[in-house]
Structures are given as C-alpha cells and as structure tokens.
Amino acid sequence: MSVEKRTSTNVLLDTALKNFYAAAAEMGLDDGLVEILSRSERKVCVSVPVELDDGTIRVCDGYRVAHSTALGPAKGGVRFHPDVCLDECEALAFMMTWKCSLAGIPYGGGKGGVACDPLELSPKEKERIARTFAARIEPFVGSWTDVPAPDVGTGGPEMVWFMDTISKMRGRLDPAIFTGKPISLWGSKGRTAATGLGVATCAMEFLKAIGKPVQGATAAVQGFGNVGSHAARVLTEAGAKVVGISDITGTYFCKDGLDIAKAMAHSAAHPKKLLEGFEQPGLEKRPLEDVLFLDVDVFLPCALEGAVNAKNADKVKAKYIVEGANGPITPEADAILDGKGVLIVPDFLANSGGVIGSYFEWCQNLAGFFWTEAEYNERLLRIMRDNFHRVWEYSKEKNIKMRRAAFMVSIKRVADAVRMRGVFL
Ligand code: NAD
C-alpha cells in the first residue's frame, strides 16, 4: 500500500508537506512512518468568548496543535492575529517539529493561536482573551506535554497571563509551562538577542566553511526588528560590513558600512521602533525593496515570509542567503535562486536560536536555578555551531542543498524516536 500524500489549500501547509515528502522519499523512509509524521498528533479547536470594554461580547476562534511529541513536549508559539486558522497552526507546528529536532533539543512541535486583532484590543481585552484561551487549552498544555511561547502578536505579558491562569487553575505554580516570560517573572537573560545571535552565527560559520573571511565580508539585512537588528550587530562586531538594512520605512544603504549600534539606538528611541529619520555620513535612503537587490556577499531576510518571491528573485545579487525570518523565500524563488547558484542556509536551522533559547528558559525553570547571560550565550553558540556543521557536512556528503539536508537530518531523529518508542496511542 503506497502513502496517500496529504495536500492543503493553505500554501504554508502545502509547501511544508511537499518539502517533507520529498526529503522522506530521498531518505527511503518507511511508508508507515511517513503517514505518522505527515499528520498531527492532536488538533484542538476552542471558542474564546470575550467581553469587550464597552460591554459587548465577541467570540474568537482559538487553536492549539501538537504535531509530534516523539522527542519531547510539543513546543511552539501562540499567535494573536486576525488570519490565524487551523491549517496555519498545523503548518507551523509541523515546522516546529523539524526545527526542534534539528536543534537537537528534547522537544516536539506545536503551535497555536487566537483569531483576533491585538492592534484593536485594549490591554484589558487582550488579558481576558489570553486568560480564557489558556483556560480552554488547559487540559492539553504542561511543562512535560506542550510548552507554548510568544509568536506574532504575543509577548511577555501574554505568557504571564497564560502561566498565571493555569497555575491558579491547578493550584500549583508551574513557570515551565510557558517560555518567553519577562526576566523578572522566571524569564531568561539572553533571550532577547538569541535568535539574531544564532542567525549571525550561522552566517559566520557558513562563510568560514566556504573559506571566506568574515572580516570585510559584506551583508544586507531586511527587517530591523528583534532578529535583524541583533544579527546585524553581531556580524558587525565580528568585522563584517553591513552595508544595507531596512524596515517598513525603506532601505538604508552606506557603501562604507552602516553604524549598526547607532541604528539600533535610533530605532529603540523611535516611538514605533523604526529607522525613520536615521542619519549617518554617506547614508543613502532607498526604496523598500532595494535591500533585496544589493550586491553583497550575504543577504539576511529577517522580516516577513515570502519576501523573496517569483517576482523579485531574479534580481537578487547576493551570493549567499541566511534565512532569519520563517519562510522568507517562496518555493518558486528557491528554484530561481538555485538556478543562479545562490547558496541558502534554511530558516529552521538559521533561526533556531530562538527555540534553543526557550529550551534554556524551560531548563532553568525546571531546575529553579538561573544562568548568567554569558553562560546562556556560550551554550547557544556551541549548539548553533554544531548544528550548522552537522547540516553542512551532510549536504556535502550527499551533494544536496542545505534545506534538503536539514530536513533529512531532522526527520531521521524524529523517525528514530517513533521507531524506538513504538507505535502506540
Ligand atoms: P519584529 O516585529 O521585531 O521585526 C520585524 C521587522 O521587519 C521590523 O523592523 C519591520 O519594520 C520589518 N518589516 C516588516 N515588513 C517589512 C518589509 N516589507 N520590508 C522591510 N522590512 C519590513 O519581528 P522579529 O521578531 O524580528 O521576527 C522577524 C521574523 O523572524 C519573523 O518571520 C519571525 O517569525 C521570525 N522569527 C523570529 C524569532 C524571534 O525570536 N523573534 C524566532 C524565529 C523566527
């Protein structure tokens, strides 16, 4: 009996499934394991009623998906966004399984969300939604079952409301159920910069692996938020020349290299955390998309999914791309870039510093013992470097692209766990 392949009208889920099936076929993975791993273990749909500040009642849809718990508790964010739907949560949970497996941490993949617009909600309304959502998914989350984290539209405050609600319902404090909490409430030092640090580390290890010195290498970074700004900072500190950065206000270019510390201070002080009004000698302000087309060694898309697509991929001049955002290159663009010989470090390897950092927070919460930022960074760097080289060596050995190699390495670890644990429940 051959495997009946799943497809989805949701592009994210369909692309993730296609990548999985292709890698599984290349590995010669057993049909039964392909069937198991192409499905989610658990998909929970809840309604989330909320009383708005004006007294009216609205009901939002909420979801929590655990794709796999073969390697450990499901791990993944909770998104508050109007477009949240079950397929999107399933696609993101699916990708979390491969990201956690590739990272070598003891987690499976999960994701959830509430279809609501946080920009239209008051803090009190957000709190009511967060607490009701937490109460409704309570039977399915726990420090050894499913460990949610922040995602688009959620952050420290939501994690505290989630954790507080569930701890009170259970009559027992359990900070390890949620990660991404503020440092003052069981959060972890080092987490803010972790993803950007990991992205920059992958970029630097990649340059070293191809024999190009980091010192003097040129880079451009799309998106100057949490991930992009720290990636640009770490690269600059290592001697690379970041000549282009961008945010929604446009591209900022300086051929002699940008003053990243100054740009970070500028956006931190801006009321909307933007680069708008940033100045330095030799700076050129360019249109939004220009950052994609700069003639640099490495391009780091750290803003949005689908940023490099069939319409613009042909104009990309960078030789190497390190994906900081999730899914910044569409499958069509991937093929175009491949044809141009561009080498790509895939997102679920490059941006795994975030989830590795979440794992560190969980470890500290379980132990009730906190690490210094230096300890956190030292462990993160070691893991990121090892993971990069595992995928790099495998891609060379098999003569395949890094994205395919990363899928194969991560699928193998989960498949081995399913085999060892057995097919039961
Ligand atoms: P953020 O909101 O802090 O920053 C996003 C940045 O992108 C902002 O500077 C914004 O102005 C910019 N931006 C948005 N649209 C743009 C456009 N069209 N052109 C140029 N810039 C644009 O978000 P973040 O936390 O830095 O996340 C960025 C990406 O990385 C997302 O895809 C996210 O899912 C992914 N990611 C984040 C983490 C994390 O720990 N923060 C972990 C893994 C993956």
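Since the structure is predicted, the reported quantities are computational estimates derived from the model, not experimental observations. When reading the values below, keep in mind they use all heavy atoms of this one structure, side chains included, and skip hydrogens, waters and symmetry mates. Numbering of ligands and ligand atoms starts at 1, following listing order.
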Part of Cys302 with heavy atoms under 4.0 Å of ligand 1, whether side chain, backbone, both or neither
backbone
Less than 4.0 Å between a side-chain N and a carboxylate O, is that true for Arg128 and Asp53?
yes
So, regarding Asn351 and ligand 1 (criterion: nitrogen or oxygen to nitrogen or oxygen, under 3.5 Å), is there a contact or not?
no
So which heavy atom in the protein is nearest atom 31 (C) of ligand 1, and how far is it from that ligand atom?
Ala303 O, 3.5 Å
To the nearest 0.5 Å, how far apart are OH in Tyr252 and CG in Asp290?
12.5 Å
Of all the heavy atoms in Arg191, does at least one lie under 4.0 Å from an atom in ligand 1?
yes
In terms of residue, atom name and distance, what is the protein heavy atom nearest to atom 39 (C) of ligand 1?
Thr195 OG1, 3.4 Å
Looking only at side-chain N and O atoms, does His67 offer a donor or acceptor that is under 3.5 Å from a partner on Glu90?
no
Could you tell me whether Phe224 and ligand 1 have an N or O pair separated by under 3.5 Å?
yes
Quick check on atom 41 (N) of ligand 1 - does any protein heavy atom sit closer than 4.0 Å to it?
yes
Which residue supplies the protein heavy atom nearest to atom 20 (C) of ligand 1, what is that atom called, and how far is it?
Ser246 OG, 3.5 Å
Could you tell me, atom by atom, which parts of ligand 1 come under 4.0 Å of a heavy atom of Gly223?
6 (C), 7 (O), 12 (C), 21 (N)
So, Arg79 and Asp151, do they make that salt bridge, N to O below 4.0 Å?
yes
protein heavy-atom neighbour closest to atom 30 (O) of ligand 1 works out as Ala325 CA, 3.5 Å
More than 12 heavy atoms from other groups under 6.0 Å of CD on Glu305:
no
Out of Thr179, Asp174, Asn365, which one pairs with Ser143 under the side chain to side chain donor-acceptor pair (under 3.5 Å) rule?
Asp174
Salt bridge between Arg382 and Asp386, side-chain N to carboxylate O under 4.0 Å?
no
Any nitrogen or oxygen of Asn226, main chain or side chain, under 3.5 Å from a nitrogen or oxygen of ligand 1?
yes
Is there a nitrogen or oxygen of Gly225 sitting under 3.5 Å from a nitrogen or oxygen of ligand 1?
yes
With a heavy-atom distance limit of 4.0 Å, tell me whether Leu288 approaches ligand 1 through its side chain, its backbone, both, or neither.
side chain
Proximity of Asp347 to ligand 1 by residue part, where a heavy atom lies under 4.0 Å
neither
What is the closest protein heavy atom to atom 16 (C) of ligand 1, and at what distance does it sit?
Ile248 CG2, 3.7 Å
Asp164 bridged to Arg131 by N-O distance under 4.0 Å
yes
Do any nitrogen or oxygen atoms of Gly354 come within less than 3.5 Å of a nitrogen or oxygen of ligand 1?
no
Gly324 neighbourhood, listing ligand 1 atoms whose heavy-atom distance to it stays under 4.0 Å:
30 (O)
Does Lys189 count as lying over the ring of Tyr376, i.e. NZ or CZ under 6.0 Å from the six-ring centre, within 45 degrees of the axis?
no
With rounding to the nearest 0.5 angstrom, report the CD to CG distance, Gln364 to Leu366.
10.5 Å
What residue and atom, counting heavy atoms only, is the protein's closest point to atom 18 (N) of ligand 1, and at what distance?
Leu304 CD1, 3.6 Å
Among Lys75, Arg64, Lys111, find the one that has a salt bridge (Lys or Arg N to Asp or Glu O under 4.0 Å) with Asp146.
Arg64
Would you mind finding which of Asn326, Leu274, Val199 brings a heavy atom closest to atom 32 (O) of ligand 1?
Asn326
Can a protein heavy atom be found under 4.0 Å away from atom 23 (O) of ligand 1?
no
If the plane angle is over 60° it's perpendicular, under 30° parallel, otherwise tilted; pick one for Trp98 and Phe94.
perpendicular
Identify whether the distance between the nearest side-chain nitrogen and carboxylate oxygen of Glu205 and Lys208 falls below 4.0 Å.
yes
Test of proximity, Val227 against ligand 1: N or O pairs below 3.5 Å:
yes
